[in-house]
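By convention here, the first residue in the shown sequence is residue 1. The figures here come from the full heavy-atom set of this structure, side chains too, leaving out hydrogens, waters and symmetry mates. When a ligand or atom number is given, it counts from 1 through the structure's own listing order.
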Amino acid sequence: MILYGVGLSPFVRKTLVTFKEKGLVFEQRPVMPGDKSDEFRCASPLGKIPGFADGDFKICDSTAIITYVEAKFPEKPVLPADPAQRARTIWFEEFADTVLSAQVAPIFWNRVVLPRMMGQAGDEAAAAKAETEGLPPLLAYLEGQIPASNFLVGDRLTLADIAVAAQIVNLMHAGYEIDAATYPKLAAYAATILARPAFIEALTAEKAMFGG
Ligand SMILES: N[C@@H](CCC(=O)N[C@@H](CS)C(=O)NCC(=O)O)C(=O)O
């Protein structure tokens with residue numbers, strides 16, 4: 001199996017960590033978004049990362065890729081069997097991939113990608129607006145959702161945790177720390193999820209990309 005994309009993308013990171021948590025054997029080809037190679041475009045026609053190939057089967061989109069591997073390799077599931085738990089897992093994945101990502105992206109793009117990887121000035125006003133206006137209500141929502149288990153759904157790791165933590169990593173890369181005084185449960189939760197070997201491995205490789 002081949003996973004196309006660089007781990008700095010939260011969607012690639014979500015997929016990569018899921019593969020590692022499930023113990024899958026795969027190769028990562030670190031293509032950038034927009035890569036024009038036929039090999040990548042067969043998997044990802046719009047050029048977005050991640051793309052994926054399993055022999056002749058090719059697909060893109062982190063959710064579609066994870067749906068495929070979860071069905072093909074049901075051991076070490078990241079989607080719970082219980083209907084309500086599965087629905088909540090998909091809800092948190094959706095929350096992370098859409099509304100949370102929409103606030104994380106301007107912070108990461110303008111404070112990491114543009115200045116540190118592309119040698120261009122970032123739009124600090126856009127980053128500051130996301131940090132001070134967009135992000136706080138979303139973090140407050142998550143703060144209220146974390147149960148005593150320290151997993152978002154049930155009492156074990158699910159795709160909900162992987163998707164949310166994959167976004168939090170991009171905040172960390174941008175130097176943003178979750179304030180433990182304001183968000184005590186979320187800060188402790190993030191530290192626990194990001195201490196998992198799959199995240200540590202992914203982060204070590206990523207930091208080398210921008211000297212973080
Ligand atoms: N819903 C997609 C989103 C993928 C996505 O937007 N990836 C970004 C990188 S973080 C990308 O490739 N952007 C390039 C573009 O939009 O052309 C997924 O979950 O995989």
Q: With heavy-atom distances below 4.0 Å as the criterion, list the atoms of ligand 1 near P50.
A: 20 (O)
Q: For atom 10 (S) of ligand 1, what is the nearest protein heavy atom, given as residue, atom name and distance?
A: S9 OG, 3.2 Å
Q: Specify the protein heavy atom at minimum distance from atom 14 (C) of ligand 1: its residue, its atom name, and the distance to 0.1 Å.
A: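 Nearest neighbour among protein heavy atoms for atom 14 (C) of ligand 1, to 0.1 Å: P33 CB, 3.6 Å.
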Q: Assign the ring pair F108 / H173 to parallel, tilted or perpendicular, where the plane angle (0 to 90°) is split at 30° and 60°.
A: tilted
Q: Looking only at distances, can you tell me whether any N or O atom of T63, backbone or side chain, sits closer than 3.5 Å to an N or O atom of ligand 1?
A: no
Q: Looking at K20, R196, K207, which one forms a salt bridge (Lys or Arg N to Asp or Glu O under 4.0 Å) with E201?
A: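 For E201, the salt bridge (Lys or Arg N to Asp or Glu O under 4.0 Å) check succeeds only for K20.
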Q: What protein heavy atom is closest to atom 6 (O) of ligand 1, reported as residue, atom name and distance in Å?
A: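 Checked against all protein heavy atoms, atom 6 (O) of ligand 1 sits closest to K48 CD, 3.8 Å.
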Q: Do the side-chain N and O atoms of Q145 and R88 include a donor-acceptor pair separated by under 3.5 angstrom?
A: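 There is such a pair between these side chains.
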Q: If you measure every N or O of F11 against every N or O of ligand 1, does any of those distances drop under 3.5 Å?
A: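 Checking ligand 1 against F11, no N or O pair falls under 3.5 Å apart.
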Q: Of the options K48, K58, R41, E39, which is the one that meets Y4 in a side chain to side chain donor-acceptor pair (under 3.5 Å)?
A: E39
Q: With respect to atom 2 (C) of ligand 1, which of V12, D35, L8, D61 exhibits the smallest heavy-atom separation?
A: D61
Q: Could you verify whether a donor N or O on one side chain and an acceptor N or O on the other, from Y176 and N170, lie under 3.5 Å apart?
A: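 Absent: no donor and acceptor within the cut-off.
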Q: Starting from atom 8 (C) of ligand 1, what is the nearest protein heavy atom, named by residue and atom, and what distance separates them?
A: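 Atom 8 (C) of ligand 1 sits closest to the protein heavy atom I49 O, 4.0 Å.
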Q: Is ligand 1 less than 4.0 angstrom away from at least one heavy atom of G34?
A: no
Q: Apply ring pair (Phe, Tyr, Trp, His ring centres under 6.0 Å) to the pair F95 and Y141, showing each step before the final yes or no.
A: CA-CA 11 Å; F95 172 87; Y141 167 71; 5.2 Å; yes
Q: Do any N/O atoms on S62 end up under 3.5 angstrom from N/O atoms on ligand 1?
A: yes
Q: Is the centre of the F57 ring less than 6.0 Å from the centre of the Y68 ring?
A: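 That pair passes the under 6.0 Å test.
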